[in-house]
2 protein chains.
Amino acid sequence: MTKVKEAAVLPRNEILQGDCIEIMAGMPEASVDLIFADPPYNLQLRGDLHRPDNSRVDAVDDEWDRFASFETYDAFTRAWLKQARRILKPNGAIWVIGSYHNIFRVGAALQDEGYWILNDVVWRKSNPMPNFRGKRFTNAHETMIWASKSEGARYTFNYEALKSLNDGIQMRSDWVLPICNGGERLKDANGDKAHPTQKPLGLLHRVLVGATNPGDVVLDPFFGTGTTGAVAKMLGRDWIGIERDAGYIEVAERRMKDIRAYDRSALQVSQSKRAAPRVPFGQLVERGMLRPGETLVSVNGKAAAKVRADGTLVADGVNGSIHQVGAALEGAPSCNGWTYWCIRRDGKTVPIDVLRQQIRSEMDTAG
Amino acid sequence: MTKVKEAAVLPRNEILQGDCIEIMAGMPEASVDLIFADPPYNLQLRGDLHRPDNSRVDAVDDEWDRFASFETYDAFTRAWLKQARRILKPNGAIWVIGSYHNIFRVGAALQDEGYWILNDVVWRKSNPMPNFRGKRFTNAHETMIWASKSEGARYTFNYEALKSLNDGIQMRSDWVLPICNGGERLKDANGDKAHPTQKPLGLLHRVLVGATNPGDVVLDPFFGTGTTGAVAKMLGRDWIGIERDAGYIEVAERRMKDIRAYDRSALQVSQSKRAAPRVPFGQLVERGMLRPGETLVSVNGKAAAKVRADGTLVADGVNGSIHQVGAALEGAPSCNGWTYWCIRRDGKTVPIDVLRQQIRSEMDTAG
DNA sequence: TGTTAAGCTGAATCTAGGT
DNA sequence: CACCTAGATTCAGCTTAAC
């Protein structure tokens, strides 16, 4: 057991090397405004995974992500959450990010340790890695838990700032952001990624704008290559990083030196304007706008097809998407099924595109 | 403790009134294909909530949603999950839906009871209720956990059907669907909503199309007003509902009577190649579709191999199956020889897979 | 220099069936 | 159970090469 300094002065704007449980134990209690934590996920990966083109997936197989059992992982989780809670100010809060491998254990531990969950926030990745074997759903999101130190605490929530970030509409619990790649992704001397799980700046930007004020102290107990520190510094917050790995610290130190507060251009992240959202034909079936077994008629009245439960059509032995079946029946190279296929409604024949428009207008009002 | 009948016959297509833990305890083990559960969320709401216009929000404040503590809720959760797991077939699976109030406890319990989590799936609501006080994020999603009975189980996943539902792109772990309202929302005699947390049909449609096959047995231990049963019946699955509340059962019974199954042909979903009958490469030689001594060319044009009478290939001193030789020549860990090796036909280079297709279509027409 | 095509990669608990 | 082999399987975005 390492001897721990008692009630030392809180360090600021530096990276501390070592185990986060021990280092937090040496910090004064009730001194930190926000903790953002990206702990090991305990992925429990087995063998290799290859893409259909036979290239190998560069998996997270680092030593720091390996735990002997759920019990071991739980003990670790509860230990660092306990110290984190001790050093939080009474009105402080915590964010923890994870995947289904670990997030349920983290969430239960948060509740058991006395934190009060305010929201779970879903990071919906716009460009996740697909499921190569077709055995599960694309793992397209990660989950963040936002919790105050205790029930009734007066946590920071910059409602208006977040609303502005979201084009004037109240920010929701699901955030669409791309994964960290391109120029933002830190590389080592060999040109390989410096850290296997670097988080995007945009994610931290939204967290810190929403949950802290300038001058607040932000602590990241699993600092890695320092995304939390980078955004905190840009936004004029004080930051503290704790990290075990000397290699990551070296990259992070270099990174932090180059960060300037309020560097506008660095804050520009993925403000892509929304194109008309894609609506799969299958949604019309799922939502009951079309029944499986129902018949669609072609716009020229010459062809008919039957809807199946999986959102495909069947006609004259042809089965496939609305576009494929339309093209096949017309002997055409392609066909826009949305305008080709029609239903009877109010005595009129209307293209199924009107149903798609209905869904799109619902999505618009939802933000 | 209620006396429980042992290894009774599994009831089908009916609603059983009572406590789901006791009733499941009376069911034969390994008899159910899929469980969909929407357990109490343990919302812990304090006091009334009012909208900005001072109208009162009709919150979930029913007795069944109240638990004294996390310990009580955990005990309840583990008890019903244990029974649920017992009655699941070895290759069965479970879906549980919840919010941040309870889903972390449910997820940890699932893992502790021996279930194997396959995905967490986020239901992203297109029209959620806003956060009226502006103190948190709009609670715009709920989380579902999909888990098999145990690690390594061969669970059902209709990959191609779900891909069809999503316009030909692999289905992701985030699903955008509207909440249940309008004509779909069941009303009681007073015109009020019959159940506070009725789930949309579209959600269950996607779950059941993806995770069951026609004829499977689907159990919902918290049946409520029967959305799971309704979709199961429409999709030609058998269903079992368990519900404590007589009022909900009455609504559900009435609802189930009016449900009609879609016709058979509409229930056919796109099959994956995995389900197609296996055709040994040797059959192509036996049937004279390929001659011993004939040369095959690789799809990239870089390699060639000669067919032998026993259905193996030879190239550059390598001899073996179409897959083994392909993998060896490419230096790859594996190779699908059916799509890798090609023949010349009508002046074009086509993969030998088309020959396999010919055999398979003959098998189809032969019955 | 501009445009197009090909290549690479990302927190992944990623097979099925026979002997 | 272990072991072996057939053979099924990917989306978006950025980078680099080719034209």
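First the proteins, then the strands, lettered A, B, ... as listed; each starts at 1.
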- Query: Given that Asn54(A) and Gly183(A) both sit by DNA chain D, which one's nearest nucleotide is further toward the 5' end?
  - Reply: Asn54(A)
- Message: Regarding Thr138(A) and Gln170(B), do their side chains bring together a donor and an acceptor under 3.5 Å, going by distance alone?
- Response: yes
- Are the ring centres of Phe76(A) and Phe67(A) closer than 6.0 Å? yes
- Task: If dA12(C) has a Watson-Crick or G-U wobble mate with both distances under 3.5 Å, name it; if not, just say none.
- Result: none
- Query: Taking the side chain of Arg154(B) as heavy atoms from C-beta outward, which of dA16(C), dG10(C), dG7(D) is closest to it?
  - Reply: dA16(C)
- Query: Does Trp95(A) have its ring centroid less than 6.0 Å away from the ring centroid of Trp146(A)?
  - Reply: yes
- Item | Gap in Å between the two P atoms, one belonging to dA12(D) and one to dC14(C), rounded | 23 Å
- Minimum-distance nucleotide to Asp65(A) side chain [options: dA11(C), dA12(C), dA6(D)]: dA11(C)
- Task: Round to the nearest Å and state the distance from Arg46(A) atom CZ to dA12(C) atom C1'.
- Result: 12 Å
- Mark yes or no: Arg244(A) above the aromatic ring of Trp64(A), with NZ or CZ under 6.0 Å from the six-membered ring centre and no more than 45 degrees from the axis. no
- Rounded distance in Å between the C1' positions of dT10(D) and dC8(C): 13 Å
- Given that Asn181(A) and Pro130(A) both sit by DNA chain C, which one's nearest nucleotide is further toward the 5' end? Asn181(A)
- Query: Expressed as a whole number of Å, how far does the C1' atom of dA17(D) sit from that of dT1(C)?
  - Reply: 15 Å
- Item | Whole-angstrom distance between dA11(C) and dT15(D), as gauged at atom P | 16 Å
- Taking a pair as Watson-Crick or G-U wobble with both distances under 3.5 Å, which nucleotide is matched to dG7(C)? dC14(D)
